[in-house]
Amino acid sequence: VQLQASGGGLVQAGGSLRLSCTASGRTFSNYAMGWFRQAPGKTRELVAGMIWSGSSTYYADSVKGRFTISRDNAKNTVYLQMNSLKPVDTAIYYCAAHDPHGNTWYGPRVPTGYDYWGQGTQVTVSS
């Protein structure tokens, strides 16, 4: 499975961006998906996650009410809609996928449980 993330860029505070992550090589409809971010000098953190069919979603407290994760299994794509962006949201954003037959799953917030990672896309929010 290869993950291709896109949609990052430079935006002013209060603006919006939509990130996309398209998987190729395998149908990922039964994979757990996550969006993580890593700012300079900080550890990688889960921003939003979605389990299997999409019935369960998880968000970092800092983005609740502003970010929304969704998926389109027909397109093998997961999205992260980011609204009301703040300068503290500036980071490299990574999408990740967990194969139910892959790594040991520790829950959506633990990066080591994910089997595949995209290359990252830079999001910069100016004040």
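The basis for the numbers below is simple: all heavy atoms, side chains too, and nothing from hydrogens, waters or symmetry mates.
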Below 4.5 Å, heavy atoms only, C-beta onward: do [X] and [Y] meet side chain to side chain?
X: Tyr58; Y: Ile51; answer: yes
X: Val78; Y: Trp35; answer: yes
X: Arg37; Y: Glu45; answer: yes
X: Asp99; Y: Val1; answer: no
X: Tyr59; Y: Thr68; answer: yes
X: Met82; Y: Val11; answer: no

Task: NZ/NE/NH1/NH2 to OD/OE distance under 4.0 Å, Lys64 and Asp61 - done: yes
If every non-hydrogen atom of [X] is compared with every non-hydrogen atom of [Y], which pair is closest and at what distance?
X: Arg109; Y: Leu46; result: CG-CD2, 3.6 Å
X: Pro111; Y: Trp117; result: O-CZ2, 3.5 Å
X: His98; Y: Tyr114; result: N-CD2, 3.8 Å
X: Pro108; Y: Phe36; result: O-CZ, 3.6 Å
X: Gly113; Y: Asn103; result: O-CB, 3.6 Å
X: Arg66; Y: Asp89; result: NH1-OD2, 2.8 Å

Open item on the list: Nearest 0.5 Å, please: how far is CZ in Arg71 from OG1 in Thr57?
Closed with: 11.5 Å
Task: From Thr77 atom OG1 to Met33 atom CE, the distance as rounded to the nearest 0.5 Å - done: 9.0 Å
Task: Given Leu17, Val63, Val47, the one that forms side-chain contact (heavy atoms from CB on, under 4.5 Å) with Leu80 - done: Val47
TODO: Give a yes-or-no answer on whether the side chains of Ser16 and Asn83 include a donor-acceptor pair shorter than 3.5 Å.
DONE: yes
- [ ] Quick one: which residue pairs count as a disulfide (SG to SG under 2.5 Å) with a foot in residues 71-127, not counting sequence neighbours?
- [x] Cys21-Cys95
- [ ] May I ask whether Leu3 and Tyr79 are part of the same hydrophobic cluster, defined by side-chain heavy atoms of I, L, V, M, F, W, Y residues being less than 4.5 angstrom apart, directly or through others?
- [x] no
TODO: Kindly write out the residues that satisfy salt bridge (Lys or Arg N to Asp or Glu O under 4.0 Å) with Arg44, not counting sequence neighbours, or none if the list is empty.
DONE: none
Show me, pair by pair, the donor-acceptor contacts under 3.5 angstrom made by side chains of residues 119-127, not counting sequence neighbours?
residue : atom : partner : partner atom : Å
Gln119  : OE1  : Ala5    : N            : 3.2
Gln119  : NE2  : Ala5    : O            : 2.8
Thr121  : OG1  : Gly8    : N            : 3.1
Gln122  : NE2  : Ala91   : O            : 3.4
Gln122  : NE2  : Thr124  : OG1          : 3.3

